[in-house]
Amino acid sequence: MAMEKFDASEVEARIYKMWEEAGAFKAGANASRDETFCIQLPPPNVTGHLHVGHAFNHTLMDMLIRWKRMQGYDTLWQPGLDHAGIATQLMVEKELAETQQPKRTELGREKFLEKVWEWKAAKGGMIEQQARRLGDSLDWSRSAFTMSGAESAPATEKPGNFHDAVLKVFVEMYNKGLIYRGKRLVNWDPHFETAISDLEVENIEVDGHMWHFKYPLAGGETYEYVEKDEDGNVTLRETRDYISIATTRPETMLGDGAVAVHKDDERYAPIVGKLCEIPVGPKDQRRLIPIITDPYPDPDFGSGAVKITGAHDFNDYEVAKRGNIPMYSLMDTKGYMRADGLPYAEEAATAQRIAGGEEGFDEGKIAAMNMVPEDYRGLDRFEARKRVVADITAEGNAVMIGNPAYEAAFARDGDQTEVPQRIPFVENKKIMQPFGDRSKVVIEPMLTDQWFVDTAKIVGPALDAVREGRVTIMPESGEKVFYHWLENIEPWCISRQLWWGHQIPVWYGLDLGVEDEQNPSGTLDEVELLGLLLDGLVHRGTVMHCGTDLEAVKSAFVFDNADVPSPLSHASIIEVADKSEAIDRFAAALAEYNVTQDPTVLVYPVWRDPDVLDTWFSSGLWPFGTLGWPDENDPAMKYFPGDVLITGQDILFFWVARMMMMSQAVLHQDPFHTVYLHQLVRDAKGEKMSKTRGNVIDPLDMIDAYGADALRFSNAQMAALGGVLKISEDRIKGYRNFGTKLWNAFSFADHYAIPYPGDPEMPVVSQTLNKWIIGETGKVRETVDAALTAYRFNDASDALYAFTWGKVCDWYLEFSKPILQGTDTAAKAETEQTLRWVLDQCLVLLNPIMPFITEELWGMADRRAKMLIHADWPTYAAADLVDTDADREMNWVIGLIENVRSARAQVHVPAGAKVPLLVTGLDEKGQSAWDNNHVLIQRLARIESLSNVDRFPKGCVTVPMDGGTFGIPLEGLIDVDAEIARLEKTLQKLAKELGGLRGRLNNPKFAASAPEDVVAEARENLRLRETEESELKAAIARLQELG
RNA sequence: GGGUGAUUAGCUCAGUUGGUAGAGCGCUUCCUUUACACGGAAGAUGUCGGGAGUUCGAGCCUCUCAUCACCCA
């Protein structure tokens, strides 16, 4: 019966179903020892689809998991999904728009979150289905979700407690002072109106402009401006009443707090400490700002003077912090120029007093001030830029240069009245501009109130983990990057102005505390009551408390209020939406109390922080949040800490470092011992894949075309440590062919009707051939184990490819044919058993890389104790299996066959023709090797007979071997000149090698300083080459006689 | 501007304490020989980016230059 062809799509679906239904991937499946081996799958976005990057690293993880599972480890490959705040919210908003449903803001928070959960249930997690096509042996029954257990989750959702973990960690870190609220500059996305992480910002080089403006000195002061060249010669000397500023963002001038120059910049030394004017806004209310020194300005860049807008530029922010310069926010959350606050004239006056040192300031006060003049208020930031440029230019404060067009016009017709002689100095230049990777709008650095993790306080243990070798980062270069980043770590902004995510567990209440306590009576009298009502609650501060839920913070608020007059101190605490509702409710209750004197109507409203946590905050808890924590008694906690993390190097900081910090902060352990980083998967040319380039390779298409095994093999093959990953369809096709080769090896066994009982023991053999292949199997098993232990997936796949195709198929199966067809029943039985055993070993060793085809072939045996996925990984050692004599003999046989074939082909002996073979000087070993294997040799090299001769006849093709020289008598058949040419060429190559070898051996320093075995090897090599050389020379001589 | 890495056969890439270069694909020639044409056999192709140094010996170590890529400002 002939085996059918391998149909990947049919087999893959069937086999995967079989594994999954049998629970083959479940945690602990096939465990025969206590040691655990756990890999946490980096959770893909719930909105995500499988791309080549996933396909790549899933293959590596699956290889390790399958390998360890076969070795009997208690394994867990933990899957799950990330709720992906901004991506998911965007996806759902888009869908609402497309289906003409009410917008997010119209729905309100609660209804919108319902929609998100509906979307998740219907369309989220597509990637989990796609990953199955790859053959991933993930324990799907444990699939986790970073939003599981959230208040908003519907009952239909799979239960989980990730939300508990997130809140518990937040509260603990808050209580330890590791989390705080503050005003800092963050990347702000004006489209989504939220802070976003650095990872979500793409810096793209775009065409921009550099404008040059004059900031006039206060009071019309002047100074001598001198420029010098490298040698100190004066190239320009003029009297100026201004300082020249270059900027790519003129609209931010409105928020300037200073002009900074380098302290060593002689040009500006005379005016440091003086004031200059921001040349924009109403003429009467021009603000004056100080000229300061700071290390940041580069004297060689632009004019060397930099305007400092602390609230809208990251570099300026640092300068402003150093110099205590006010940072005026200019824009609203949508990126429009602010329209709130007091009239500009009043704000400018205040700012002026601050700049002059007559008035103090703090963060809150500055934040409330709107420094945008009325004319620009409410404008889009880019529109405002145009207006600012136009206004400054109109007023004559643009730096002017000669107009090339004027020169040209003058030269042409001597009349240039239509063309201006001088024009504003505007450079066209490439600038790096930040864009939101999802919104595609220009990201605005914005000074906002956000929550931060004080990373500096928790970074220590993560750094130590790598420094002390508890955690290994591969490739090693990742360690440097890791140190560099962690040693210069910035506070981590963890709040996002979104709805989809873990809402920050902090509640605010009105600050009722009275600073100058005038009434220690402890009761609420009429005067105080009115005071509270009229005092403008709006301007009162707030107090806040953190807890896992409202109940948890109530007592803290009650405690706060203990000091306020009774009965207000006993007001019941209620939750409201926000501060304004809180004020309304509070005032209404007071008013009612005033009338009724009924203390039970008094309420103390509190409201929850509307922001949600950065997605990376929750995914930082992934290593234990997936295992039942905070329930430390969950049996799955035995898998913490995990073993290996395999992920893209681009999220080393964003995720890997954070998992390490969070695991240490919460559980005081490292989450894994090894981090394997890989690069971005690119197309065959090494370009990034992108939809716009149209070079995206969909792994599912590859699976459709070539099967999952081929894609996996290709992935394993390109996984050289630290290497660039270029995926090539030709290569995948090549590994599909490899699968077919393996399949046909079984078809071979089938063809020879070799019994296939299944689960064979390693046979005890007497045939050299069988001894040899068993030894080779032992070698490859060691190579594969060593490679996988060292995460050298390419070495493992290389070794298996070379073994299966190059050893088993090319030689072993060919050699077995005469025995299988022969009459020696003992030899035949032994070879049949060996062949089945060897093929079984191929299946076992290849299973981690190509699980489908191997499992299918495994299942064709009459019976199997277990599925291949749970088969026992072999432990035999090459040292026990390799028979050196068999090894030497088979290599000699292979060499002889190859050399005879080569010689035949080169002198164009017809492929089918059987030729006689002669030999001279055959030694004992050669004779015995020939005797043992002549059937194989004659068959594969197409040889009719062997005759011992003293001397080769004229016109004989020579094949020098160790232990005897063979010759094919071909007088009259061969082209003598061509054959001489062939031998000469071989001789030349040989001469080169001999030259090298002799050179080394004749050098006394070589023998003195090189290791002994190297010297011995070189000597032996030289001996063999010299013999070969003399044989070749003799052969050439014979041919020349003939000619 | 800072950092990291790369540059090896026509293409895509390996090459783990320095011992004299390999794979897959592609290409050329031959072969439908009873596992396999998604195959078999044979074959060609490399001053290992340039230069200098250390060494008996350098693709590998050091310096330098060039080009490219990525990350961070």
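Hydrogens, waters and symmetry mates play no part in the numbers below; they use all other heavy atoms, side chains included. In the text below, chain A, chain B and the rest are named by the order of the sequence lines, each starting its count at 1.
The A/Arg731 side chain lies nearest to B/A23 when the options are B/C38, B/U33, B/A23. Of the candidate nucleotides B/U16, B/A35, B/G19, B/G19 has the atom lying nearest to any side-chain atom of A/Phe1006.
Note on A/Asn737: a side-chain N or O is less than 4.0 Å away from OP1 or OP2 of B/G39. A sub-4.0 Å separation between OP1 or OP2 of B/G40 and a side-chain N or O of A/Lys741 is present. Regarding contacts with the backbone of B/A41, every side-chain N or O of A/Ser902 stays at 4.0 angstrom or more from both OP1 and OP2. A/Lys817 has no side-chain polar atom (N or O) that falls below the 4.0 Å cut-off from OP1 or OP2 of B/U33. For the pair A/Tyr706 and B/C38, the criterion of a side-chain N or O lying under 4.0 Å from OP1 or OP2 is not met.
Nucleotides B/U4 and B/A41, compared at atom P, are 47 Å apart to the nearest Å. B/U33 and B/G40: their P atoms are spaced 15 Å apart (whole Å). Comparing B/U54 with B/C61, their C1' atoms are spaced 8 Å from each other, to the whole Å. For the C1' atoms, the distance linking B/A42 with B/A6 amounts to 36 Å, nearest Å. Taking atom C1' in both B/A9 and B/U47, one finds a spacing of 14 Å when rounded to whole Å. Distance noted for atom C1' between B/A14 and B/G46: 15 Å (whole Å). Comparing the same atom, P, in B/G18 and in B/U28 gives a spacing of 41 Å after rounding to whole Å.
Regarding A/Met718, its CE atom lies at a distance of 19 Å from the C1' atom of B/G15, rounded to whole Å. Atom-to-atom, CH2 of A/Trp811 to C1' of B/G40 comes out at 11 Å; the value is rounded to the nearest Å. For the pair A/Glu898 CD and B/A41 P, the interatomic distance rounds to 9 Å; values are reported in whole Å. As a whole-Å value, the separation of A/Gln717 CD from B/G24 P is 10 Å. Rounded to an integer number of Å, the gap from CZ of A/Arg792 to P of B/U16 is 7 Å.
A/Tyr752 comes within 4.0 angstrom of the backbone, heavy atoms only, and of no base.
In summary, A/Arg712 and A/Glu12 do not engage in a salt bridge, as defined by a charged side-chain N under 4.0 Å from a carboxylate O.
When ring centroids are compared, A/Phe746 and A/Phe6 stay outside the 6.0 Å threshold.
With a 3.5 Å ceiling on both atom-pair distances, the Watson-Crick or G-U wobble partner of B/U4 is B/A69. Within the shown strands, nothing qualifies as a pairing partner of B/G59 under the Watson-Crick or G-U definition with both distances less than 3.5 Å.
Atom OH of A/Tyr752 sits about 10.5 Å away from atom NZ of A/Lys828, to the nearest 0.5 Å. Between the CZ atom in A/Arg939 and the CD atom in A/Gln821 there is a gap of 4.5 Å [rounded to 0.5 Å].
Considering A/Glu444, A/His312, A/Lys307 in turn, A/Lys307 is the only one that fulfils the side-chain hydrogen bond (donor to acceptor under 3.5 Å, both in side chains) rule with A/Thr252.
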